[in-house]
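Treat the numbers as computed from the prediction; the structure is a model and nothing was measured. All ligand and atom numbering here is 1-based and tracks the order in the structure.
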Amino acid sequence: MQRSLLLIFLLATVSFAAQRPNIVLIFTDDHAYQAIGAYGSRINETPNIDRIAREGMRFDRCYVTNSICGPCRATVLTGKYSHKNGYYNNEGQAPFDNMQVTFPLLLQGAGYETALIGKWHLQSNPTGFHHWNILPNQGQYYNPVMVSNVGHIDGLTEVRIGYTTELLTQLALKWFENRIAKDRPFLLMLQHKAPHRPWEPGPKQLGMYEDEKIPEPASLFEEYSQRGKAVREQDMTIAETMTAGDLKLTEPEGLTPEQLEAWNAAYEPGNAALRGVKLSKQDLVRWKYQRYIKDYLRCVAAVDDSVGQVLDYLDESGLAENTIVVYCSDQGFYLGEHGWFDKRWMYEESLRTPLLVRWPGVAKAGSYTEAISSPLDLAETFLDAAGAEIPVDMQGRSLRPLLGGETPADWRKSFYYHFYEYPGSHSVRKHYGVTDGRFKLIHFYEPDVNEWELYDLHNDRAEVVNLYGRKTYATVQAKMHAELDRLRKELEVPEVDPPESIVRRASQPVGQ
Ligand code: CA
């Protein structure tokens, strides 16, 4: 009897193991929701990314904890805010402590085969992956240097010739085929550099949109004179901040002769035409916007192709039915709104990031939710999916109930944000704040600013009318202050920023 019980138990365990879903996280860099069809883009199409939304769930209020590349990656891995995982900034930041607990490490311990391919941007070597092959630092769009682990040796460095988005996709497809233990569930993190600055399109996309005019955002020519000091003193405008390299008035370094020929054939006619005219200041901004947005969308198009190839592979290999596919970006981005590019702010375009989840049997096809979610939740979602234990000090929550169409009564109704990197690229002041999806309270602080902003997103979607201090909003303001205090306490945010959060100057080249 005992023996048969044991057999039943073992079989149940094996069966459970067999059913545990595979996880594919496709993570991009600076991909704005405004440039995704499923989020209602009016400037481009993304049929493959949209397929994930059509067959799964779209999260409409996915907020990041700290809107820059490295810190968001650290948050995804650890399920913790910057003040808990120690990774605050891109610039002047100590390497990510790769000895701390991360979800890939826990999945590995739970029997998953794990792999990471693409952008890493955390300085220290990845841990928790059987296989990793990364772009060091920001990585390059063409002919990238890549660093990988082979067996037990970390740090094999090689240069791959080609377009990075395509190369990473090929490496991912190859990894699917070469998995060590095909009877085990797997985790693949495919992390593109695209569509990060300097938005260099691949050979297949160079001519896209050439004869089109992409619609301009309404606030492309916003004036900042009535805005707070933080907005007035930023350095991220299309008008002033973009470089000749950003605008492809100079050619990138390191292209092969063939790549360079295709590049110059694509850009030189436009550059020659620009040299032959004298544009007004406003028309020059319009020209820059078109050059910028087309390149950005070309990079997105290559990412969309990559997503299509991964989805096709999962279909053809029979893996799709038992594989969770997540599409997420490390943060949002400005596509000319407020006259800007880049991210960092707690304003909507950079606070919100796209999050699409296809989970067969769990996520209802074509569904969406306005419940507040975050990349902070991914670690716990994946551990939940794997049936692995979730550490109590993680600060997110599994998205599984939302995916199943249920928003628990105690689901978060507000969200805390904190940006630390000042002084830094683009000169965005340190700030923290809270939003409940309707209102947003932000505090800009240190070293020479101490200003509060309050926005009503229903009446002022563009977040340009600061309501802080207005009598009619006194009750809202008090409520948001109380919520901010509550969240800072709950999340154990130090009263004074820790020394590790301070940007150490001249420690490394500028990261964007
Ligand atoms: Ca980023």
Side-chain angles (χ1 to χ4, degrees), residues 25-36 39 49 62-78 81-82 85 87-93 96 116-123 134-141 144 164-165 168 189-200 234-236 241-242 246 292-293 295-297 299-300 302-303 306 326-337 340-356 374-376 378 417-422 424-428 503 508-512:
L25 170 59
I26 304 173
F27 199 66
T28 45
D29 199 327
D30 295 0
H31 191 180
Y33 59 84
Q34 308 94 295
I36 292 181
Y39 280 96
I49 295 171
C62 183
Y63 298 148
V64 299
T65 54
N66 181 0
S67 187
I68 35 174
C69 310
C72 191
R73 279 150 218 276
T75 289
V76 166
L77 291 167
T78 59
Y81 274 78
S82 304
N85 64 39
Y87 211 83
Y88 298 87
N89 303 307
N90 278 356
E91 300 171 18
Q93 161 73 48
F96 177 69
L116 164 74
I117 291 167
K119 186 170 172 181
W120 175 245
H121 205 213
L122 290 171
Q123 304 180 69
I134 59 170
L135 303 165
N137 302 316
Q138 289 285 4
Q140 296 146 286
Y141 271 107
T164 300
T165 305
L168 296 180
M189 294 169 74
L190 172 55
Q191 310 206 141
H192 287 291
K193 172 187 174 60
H196 191 280
R197 192 184 186 187
W199 320 292
E200 292 172 9
Q234 46 66 38
D235 179 22
M236 61 165 68
T241 314
M242 279 191 173
D246 288 336
Y292 158 52
I293 198 68
D295 283 342
Y296 182 92
L297 296 177
C299 292
V300 168
V303 166
S306 167
V326 175
Y327 186 86
C328 187
S329 172
D330 60 350
Q331 17 56 215
F333 211 69
Y334 293 91
L335 304 182
E337 299 88 354
W340 293 341
F341 67 101
D342 208 69
K343 55 255 182 180
R344 296 161 202 270
W345 304 95
M346 198 192 166
Y347 305 132
E348 288 293 276
E349 289 82 359
S350 45
L351 175 68
R352 276 181 61 192
T353 200
L355 174 62
L356 305 167
S374 171
L376 178 73
L378 292 176
Y417 177 83
H418 203 146
F419 174 79
Y420 299 85
E421 193 177 278
Y422 184 88
S425 293
H426 303 295
S427 290
V428 173
V503 176
Q508 64 178 90
V510 169
Q512 297 297 335

OD2 (Asp330) - the Ca ion (ligand 1) - OD1 (Asp29) angle, nearest 10°: 90°
N, O or S from Gln331 under 3.0 Å to the Ca ion (ligand 1): yes
Results of ring pair (Phe, Tyr, Trp, His ring centres under 6.0 Å) for Tyr63 - residues two or more places apart only: Phe415
With sequence neighbours excluded, residues passing salt bridge (charged side-chain N to carboxylate O under 4.0 Å, His left out) with Asp29: Arg73, Lys119
Thr241 and its side-chain hydrogen bond (donor to acceptor under 3.5 Å, both in side chains) partner, picked from Asp342, Asp235, Asp246: Asp235
Side-chain H-bond candidate by donor/acceptor type, Gln123 with Tyr87, under 3.5 Å: yes
Angle in degrees, rounded to 10°, that SG of Cys69 and OD1 of Asp30 form at the Ca ion (ligand 1): 110°
